[in-house]
Each structure stands twice: as structure tokens, then as C-alpha cells.
Visitor: 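Before anything else, here's the structure in question.
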Amino acid sequence: MGDEGIGRTHGMHVVHDGSAQAPPLLLIHGSGASGGFWNPVVPALAARHHVIRVDLPGCGRSQPAASYDVRSQAGRVADLLDALGVRGAAVAGHSSGGYVATAVAEARPDLVGSLALVSTGPNPEAFRRQPPVLRALTAPPLGRLLWAVRSDAAIRRWIAAMSVRPVQVPDDVVGELEGTTYRALRAVLRGNTAYISESSMPQRLAGLGIPLLVVFGGADPRWEPASAHTYAVVPGARVAVLPGVGHLPMAEAPGATAQLLLDFTAQR
């Protein structure tokens, strides 16, 4: 991918990989992260897809926004797809990116042809007690102070706390995370909780009639891994649990994760 594959649309940093004539696949990152979190699986996905990665507002290299609730974020993603002329895309969301992806499908079913949710918690009850480093960095009042002075090493510890297998994070991805503001992070987290408290993910998805793939790490420290099977109530849903993998399947098991996504999109 050259510089022509990087741009900004509706205030959001966007990266394109693969042929523009290939079937579109939109990748949405989770809370406080960036599109760079998908890097390990992009080469395999871009061999068959026009891969579109976006930094959500207030995260990575994107501009801040007035609102960070799930539906507002979904509206901006819908505007992005409209601007790109994309319809019926395969959309994959990691963690809370799965909420944004689902909200896009709820509001604009013409834009979403299929959904893949990676490490996306189904309801508040599935949320686990978080590792100490995650609580320290994200929870007030200490979180605001630590976030303001966080180092590259602290960011790497934060990523490691979400993983079970060793994860190599390039310096440029760490640099992207430095652009995420604490205000945006806290607002996103509040919006996520409100979204799945209002209605669980399986309830939302059951009536959409969209092909669904759910991928979970069998040792996810953020969400109870067994909760992945609550998605089985969605007609035709495929659920895959990767043994010995934490919250970052795309980085911890990129080969297996990419293959699951490719097999799923090939059968649409």
C-alpha cells in the first residue's frame, strides 16, 4: 500500500489496502485503539478484499467529536461508506467496534452485507473484572492523570494485559494510540455500556437477518469467553472460539483469525 491508500474522510483517518475493485471489507477497532490493531491480518484479507480501516473519532489519527455514543459513531461510519460509494460491505468489528458495526447495520442495512464480531461482549453481565493495569489507565480519578503522562511502555503494558499470547506492537501503532484522548475513551466506554444495557447484542442481531460470524479468544481477560455462545440464538450465526487466545485474536492468532474471516466472507 502506498500513500495513495491513506486519507481522511469526514474527519476520520482511513487506510485502504487491496484492489478497489475487490469486495469491500470494513474493519472497525475497539475502545481507545486504532485501525493499526488490524495490521497482522490485513495482508491476507487484502488478497481478496478492498480492505478499509478507519480510526473512529477521537481515536488514533482521527479528529475529536462532540459525541461518542455508539449510534453517533455509527452515523459517521455510514457517512464514510456513503462518501466512498460502498454498499453491502462485509463489516468486522473488534471489541466495541462490533457495537458500532451492529449499529450501522441497524440504521443502514443497505450498507452492511455481513457482520463479523471479534471479542465483542454480548451484554454487561459478560464483562469480567479487568486486569489492574487496565483499571488504572481507564478508571477515574487516577486514570485521567495516568493517561496524560502515559509512556510507550505503559501503552505496551496495556496491550499485553489484554493478551494471552505474546504480541509484537510496532512503534507506529503505539504512536497511533497516543492520539486517543482520555475524554474520548471515557465517553466511548459509557456509550458502549449504555448500548448493550439497552438491548443485548444477540437480541439486536436476531432480527437483522444478516450473516453473522462471532470470534472469541478462549482466554479473553475482558469478556467471559463462554458468553460467545449466547450469540447462537441468532439464526445462522457461526461462533468460533480460539483456544489459548486473549482479547486480541487478530494479533495473537492472525492466521486463524484471517482464515475465519475469509471463509466467512467467501460464503456470503
Visitor: Please report the interatomic distance OG(Ser199) to CD(Glu106), rounded to the nearest 0.5 Å.
Guide: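 Spacing of OG (Ser199) from CD (Glu106) equals 7.5 Å.
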Visitor: For Leu26, run the side-chain contact (heavy atoms from CB on, under 4.5 Å) check against Leu84, Val91, Val51 and tell me which one passes.
Guide: Val91
Visitor: Could you state whether Val100 and Tyr68 fall into the same hydrophobic cluster, counting links through intermediate Ile, Leu, Val, Met, Phe, Trp or Tyr residues with side-chain heavy atoms under 4.5 angstrom apart?
Guide: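 Cluster IDs for Val100 and Tyr68 differ.
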Visitor: Honestly curious: do Leu177 and Leu185 fall in one hydrophobic cluster under the side-chain, below-4.5 Å linking rule?
Guide: yes
Visitor: side-chain contact (heavy atoms from CB on, under 4.5 Å), that's the test. Do Val169 and Phe37 meet it? Break it down for me.
Guide: CA-CA 9 Å; Val169 186; Phe37 265 56; 5.9 Å; no
Visitor: Between Arg204 and Tyr195, is NZ or CZ placed under 6.0 angstrom from the six-membered ring centre and within 45° of the ring axis?
Guide: yes
Visitor: Is there a donor-acceptor contact under 3.5 Å from the side chain of Ser200 to the main chain of Ile196?
Guide: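 Not at all, since once roles are kept as given, no pair shorter than 3.5 Å links the two residues.
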Visitor: Which pair of heavy atoms, one from Ala92 and one from Leu261, lies closest together, and at what distance?
Guide: CB-CD2, 4.4 Å
Visitor: Output the distance between atom CG (Leu262) and atom CD (Gln267), rounded to the nearest 0.5 Å.
Guide: 11.0 Å
Visitor: I'd like to know if Arg156 and Asp171 make a salt bridge, using a cut-off of under 4.0 Å between side-chain N and carboxylate O.
Guide: yes
Visitor: Within a reach of under 6.0 Å around CD of Glu198, are more than 12 heavy atoms found that belong to other residues, nucleotides or ligands?
Guide: yes
Visitor: Find the distance between CD1 (Ile28) and CG (Asp55) and round it off to the nearest 0.5 Å.
Guide: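 Reported value, rounded in 0.5 Å steps: 11.5 Å.
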Visitor: Tell me, please, which residues at least two apart from Asp110 pass salt bridge (Lys or Arg N to Asp or Glu O under 4.0 Å).
Guide: Arg87, Arg108
Visitor: If we ignore angles and hydrogens, is there a donor and acceptor under 3.5 Å between the side chains of Ser163 and His247?
Guide: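 Side-chain D/A pair, Ser163 to His247: absent.
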Visitor: For Gly58, does its backbone N or O pair with a side-chain atom of Ser62 as donor and acceptor, under 3.5 Å?
Guide: no
Visitor: Answer yes if the side chains of Asp263 and Gln259 hold a donor-acceptor pair under 3.5 Å, and no otherwise.
Guide: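 Yes - a donor-acceptor pair under 3.5 Å links their side chains.
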Visitor: Checking Met250 against Leu27 for the side-chain contact (heavy atoms from CB on, under 4.5 Å) test, could you report, in this order, the C-alpha distance in whole Å, the side-chain angles of both residues, the deciding distance, and whether it holds?
Guide: CA-CA 11 Å; Met250 70 281 268; Leu27 304 178; over 6 Å; no
Visitor: Salt bridge check: are Arg53 and Asp17 linked by an N-O gap of less than 4.0 Å?
Guide: yes
Visitor: For Arg165, is there any backbone N or O sitting under 3.5 Å from a side-chain donor or acceptor partner on Glu252?
Guide: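 Yes, the answer is positive, given that a donor and an acceptor are paired below the 3.5 Å cut-off.
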Visitor: Please check if Leu45 and Val215 belong to a single hydrophobic cluster, counting links between Ile, Leu, Val, Met, Phe, Trp and Tyr side chain heavy atoms closer than 4.5 Å.
Guide: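 Hydrophobic grouping puts Leu45 with Val215.
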Visitor: So which heavy atom on Val241 is nearest to which on Gly218, and how close?
Guide: CG1-CA, 3.6 Å
Visitor: If we ignore hydrogens and angles and just use 3.5 Å, is the side chain of Arg222 paired with the main-chain N or O of Ser119 as donor and acceptor?
Guide: no
Visitor: Between Asp152 and Ile155, is there a donor-acceptor pair closer than 3.5 Å when you use the side chain of the first and the backbone of the second?
Guide: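 It does not hold such a pair.
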Visitor: May I ask you to decide if the ring planes of Trp38 and His94 are parallel, tilted or perpendicular, using 30° and 60° as cut-offs?
Guide: perpendicular
Visitor: Would a distance-only check, ignoring hydrogens and angles, find a side-chain to backbone donor-acceptor pair under 3.5 Å from His29 to Leu56?
Guide: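 At least one qualifying donor-acceptor pair exists.
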Visitor: What is the distance from atom CG of Leu115 to atom CG of Leu213, rounded to the nearest 0.5 Å?
Guide: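 If we round to the nearest 0.5 Å, Leu115:CG and Leu213:CG are 10.0 Å apart.
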Visitor: Could you walk me through whether Val54 and Leu80 pass side-chain contact (heavy atoms from CB on, under 4.5 Å), step by step?
Guide: CA-CA 9 Å; Val54 59; Leu80 166 70; 4.0 Å; yes
Visitor: We want to know whether Thr265 and His49 form a side-chain donor-acceptor pair, criterion being a heavy-atom distance below 3.5 angstrom.
Guide: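 Side chains of Thr265 and His49: pair found under 3.5 Å.
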Visitor: Look at the side chain of Thr257 and the backbone N and O of Pro249, then say whether any donor-acceptor pair between them is shorter than 3.5 Å.
Guide: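 Yes, Thr257 side chain to Pro249 backbone: donor-acceptor pair under 3.5 Å.
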Visitor: Determine whether the aromatic ring centres of residues Trp223 and Phe127 are separated by less than 6.0 angstrom.
Guide: yes
Visitor: Enter the distance from Gln63:CD to Thr181:OG1 here, rounded to the nearest 0.5 Å.
Guide: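 Those atoms lie 12.5 Å apart.
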Visitor: Do Leu248 and Val164 belong together in a cluster built from hydrophobic side chains that touch within less than 4.5 Å?
Guide: no
Visitor: Of all heavy-atom pairs between Ser96 and Ser31, which one has the smallest distance, and what is that distance?
Guide: OG-OG, 2.7 Å
Visitor: Can you tell me how far apart CD (Glu125) and OG (Ser197) are? Round to the nearest 0.5 Å.
Guide: 7.5 Å
Visitor: Check the pair Leu242 / Phe216 against side-chain contact (heavy atoms from CB on, under 4.5 Å), numbers first and verdict last.
Guide: CA-CA 6 Å; Leu242 301 175; Phe216 252 74; over 6 Å; no
Visitor: For residues Val112 and Ile210, report the shortest heavy-atom separation together with the two atoms involved.
Guide: O-CD1, 4.1 Å
Visitor: Where the side chain of Thr120 meets the backbone of Ser95, is there a donor-acceptor pair that is under 3.5 Å apart?
Guide: yes
Visitor: Would a hydrophobic clustering, with Ile, Leu, Val, Met, Phe, Trp and Tyr connected at side-chain separations under 4.5 Å, put Met162 with Val188?
Guide: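 No, Met162 and Val188 fall in different hydrophobic clusters.
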Visitor: Would you name the heavy atoms of Val239 and Tyr231 that are closest together and state the gap between them?
Guide: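 Closest approach of Val239 to Tyr231: CG2-CB, 4.3 Å.
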Visitor: Would you name the heavy atoms of Val234 and Pro202 that are closest together and state the gap between them?
Guide: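 In terms of heavy atoms, the two residues are closest at CG2-O, 3.8 Å.
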